[in-house]
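Everything numeric here is computed off the predicted structure, so don't read it as measured data. Remember, it's 1-based here, ligands and their atoms both numbered in the order they're listed.
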Amino acid sequence: MSAALALERTAPLYQRVKSVIPPIEWPVFADDIDAILALKRSRNAVILAHNYMTPEIFHCVADIVGDSLALAREAMKADAEVIVLAGVHFMAETAKLLNPGKTVLIPDLEAGCSLASSITAADVRLMREKHPGVPVVTYVNSSADVKAESDICCTSANAKKIVESLGTDTVIMLPDEYLAQNIAAKTDVKIIAWAGHCEVHERFTAAEVRALRTDYPGVTILAHPECPPEVIKEADYTGSTSDMSNYVGREKPARVVLLTECSMADNVSVNHPQVNFVRPCNLCPHMKRITLPKIRRSLETMTHQVTIDPALAARARRAVERMLAV
Ligand code: 13P
Ligand code: SF4
């Protein structure tokens with residue numbers, strides 16, 4: 001494929017992202033984007049991309065974008081034969097759990113998550129032994145092994161609803177300690193937490209939020225619930241990545257800060273050019289492993305295919321489907 005043709009064909013896409021991608025970088029992206037769009041057609045593939053993907057992925061090759069809950073729901077509805085998950089490994093596993101008959105590809109097998117690696121299936125069994133009869137609610141940011149030991153999953157968008165749906169006075173909530181504490185502050189259900197943290201969100205501090213308010217009077221501060229509780233207390237609004245994006249669209253704050261991963265502000269700003277984004281942010285090294293060349297290679301070579309032992313998958317699927325049914 002000639003570079004000039006690729007540039008010509010992708011020109012309308014560049015118009016979409018020109019506020020966040022300098023013109024000098026575009027020719028490098030254009031070739032991969034053009035190839036990926038053709039490969040999607042020939043492979044009958046869809047690309048599901050998390051809100052933390054970089055703008056050239058999020059706005060130029062993804063078919064479906066969203067937070068973890070939206071990606072899980074959309075994975076179930078996908079009618080293509082191949083799903084490429086532009087996100088981290090637990091997201092690809094969740095897509096495979098919900099689509100056992102489809103080919104699910106992750107462009108980089110090393111795209112992990114500090115929350116998912118903070119807990120094992122044996123840890124969940126120990127928690128159950130320690131707290132007999134208490135149901136286990138597991139954040140989707142977890143491995144299929146851990147989901148298989150759980151009663152139900154949750155995401156940052158539905159955690160309170162899921163916790164309260166069980167009708168018990170106590171739940172075990174794994175593995176994100178801060179999400180558990182932030183939900184505990186909003187419900188009467190007693191929550192037993194695990195000490196896992198997101199390496200991106202745990203780094204924000206309350207002092208940083210106060211400094212932002214001093215430096216940018218009137219700024220609106222949105223925080224992800226994986227942030228520590230003292231940060232959440234200082235923020236104006238807390239929600240999942242899609243909740244934050246919807247808030248910006250709905251409220252159109254003059255100036256906003258998103259206390260989350262760096263690509264979020266880029267992606268949301270493309271759709272809301274009138275909003276001024278102040279950009280303190282933290283990069284997720286796992287999400288950033290997913291790049292256009294790796295997505296292209298993934299579709300060319302049909303790697304890396306996500307596989308889960310069928311017996312384990314059946315148990316893990318139950319926890320995810322139970323969440324989707326609430
Ligand atoms: P959500 O997009 O579900 O809010 O999750 C954020 C996150 O950290 C995913 O890795
Ligand atoms: Fe995991 Fe945090 Fe990265 Fe999301 S942002 S993948 S929770 S480490």
Side-chain angles (χ1 to χ4, degrees), residues 48-54 57-58 62 64-75 85-95 98 106-119 137-144 146-147 153-162 173-183 193-204 222-228 231-232 235 237-248 258-268 280-291 320 323-324 326:
L48 268 54
H50 186 261
N51 289 325
Y52 293 161
M53 289 295 103
T54 44
I57 296 175
F58 187 91
I64 290 150
V65 294
D67 62 6
S68 309
L69 181 60
L71 295 185
R73 284 195 193 287
E74 293 300 330
L85 205 304
V88 290
H89 193 260
F90 75 80
M91 295 176 175
E93 263 191 348
T94 306
L98 297 171
I106 175 122
D108 187 328
L109 272 176
E110 301 294 310
C113 168
S114 65
L115 280 170
S117 57
S118 74
I119 189 161
V137 178
T138 295
Y139 197 28
V140 283
N141 299 37
S142 54
S143 66
V146 165
K147 288 185 176 76
C153 285
C154 74
T155 71
S156 59
N158 63 15
K160 180 172 180 281
K161 196 159 119 188
I162 298 292
M173 198 174 169
L174 311 168
D176 189 342
E177 183 175 29
Y178 295 148
L179 178 69
Q181 289 171 347
N182 291 327
I183 298 301
W194 182 255
H197 298 136
C198 161
E199 67 189 86
V200 172
H201 294 96
E202 71 175 346
R203 304 209 307 268
F204 292 109
L222 316 185
H224 193 276
E226 290 169 10
C227 292
V231 170
I232 299 299
Y237 175 82
T238 304
S240 78
T241 54
S242 290
D243 290 338
M244 285 193 264
S245 174
N246 293 338
Y247 181 101
V248 173
L258 308 180
L259 295 178
T260 191
E261 212 274 340
C262 300
S263 291
M264 264 294 289
D266 286 344
N267 290 333
V268 180
C281 64
N282 294 325
L283 274 175
C284 174
H286 312 290
M287 290 281 182
K288 265 41 244 192
R289 282 183 172 273
I290 308 300
T291 60
V320 178
M323 165 187 85
L324 293 173
V326 171

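No donor-acceptor distance shorter than 3.5 angstrom exists from the side chain of Asn158 to the backbone of Lys161, with no hydrogens or angles considered. Proximity of a side-chain donor or acceptor of Asn182 to a complementary backbone N or O of Pro228 within less than 3.5 Å is not detected.
Closest to atom 3 (O) of ligand 1, if we only count protein heavy atoms, is Ser68 OG, 2.8 Å. Nearest protein heavy-atom neighbour of atom 3 (Fe) of ligand 2: Cys284 SG, 2.4 Å.
Proximity of Cys113 to ligand 2, defined as any heavy-atom pair under 4.0 Å, is shared by backbone and side chain alike. Heavy atoms of Glu226 found under 4.0 angstrom from ligand 2 belong exclusively to the side chain. Within the 4.0 Å heavy-atom criterion, the part of Asn141 lying near ligand 1 is the side chain and not the backbone.
Atoms of ligand 1 lying under 4.0 Å from any heavy atom of Ser240, numbered from 1 in the order shown and given with element: 4 (O). Each of the following atoms of ligand 2 lies closer than 4.0 Å to a heavy atom of Cys198: 2 (Fe), 5 (S), 7 (S), 8 (S). The ligand atoms of ligand 1 that sit less than 4.0 angstrom from a heavy atom of Ser156 are 1 (P), 3 (O), 4 (O). In summary, the atoms of ligand 1 found under 4.0 Å from a heavy atom of Glu226, numbered by their order in the structure, are 6 (C), 7 (C), 8 (O). The distance from ligand 1 to the heavy atoms of Met287 drops below 4.0 Å at these ligand atoms: 10 (O). Set against the non-hydrogen atoms of Met91, the atoms of ligand 1 under 4.0 Å away are 9 (C), 10 (O). Residue Asn141 approaches ligand 2 through these ligand atoms, each under 4.0 Å from one of its heavy atoms: 7 (S). The distance from ligand 1 to the heavy atoms of His50 drops below 4.0 Å at these ligand atoms: 1 (P), 2 (O), 5 (O), 6 (C), 9 (C). Shown in contact with Tyr52 at under 4.0 Å from a heavy atom are these atoms of ligand 2, numbered in order with element: 5 (S). Distances below 4.0 Å separate heavy atoms of Leu115 from the following atoms of ligand 2: 7 (S).
The closest approach between a heavy atom of Thr155 and any atom of ligand 1 is not below 4.0 Å. Taking a 4.0 Å cut-off on heavy atoms, His224 registers as neighbouring ligand 1.
Shortest non-hydrogen contact noted between Ala180 and Met173 is CA-SD, 3.8 Å. Taking both residues in full, the closest heavy atoms of Cys153 and Val320 are given as SG-CG2, 4.0 Å, listed atom of the first, atom of the second, then distance.
Cys pair Cys262/Cys281: SG-SG separation is below 2.5 Å.
Remark: ligand 1 and Asn51 share no N or O pair separated by less than 3.5 Å (distance only, no angle test).
Ring centroids of Tyr178 and His197 are separated by less than 6.0 Å, placing the two rings close together.
The CD atom of Glu261 lies 7.5 Å from the CE atom of Met287; values are rounded to the nearest 0.5 Å.
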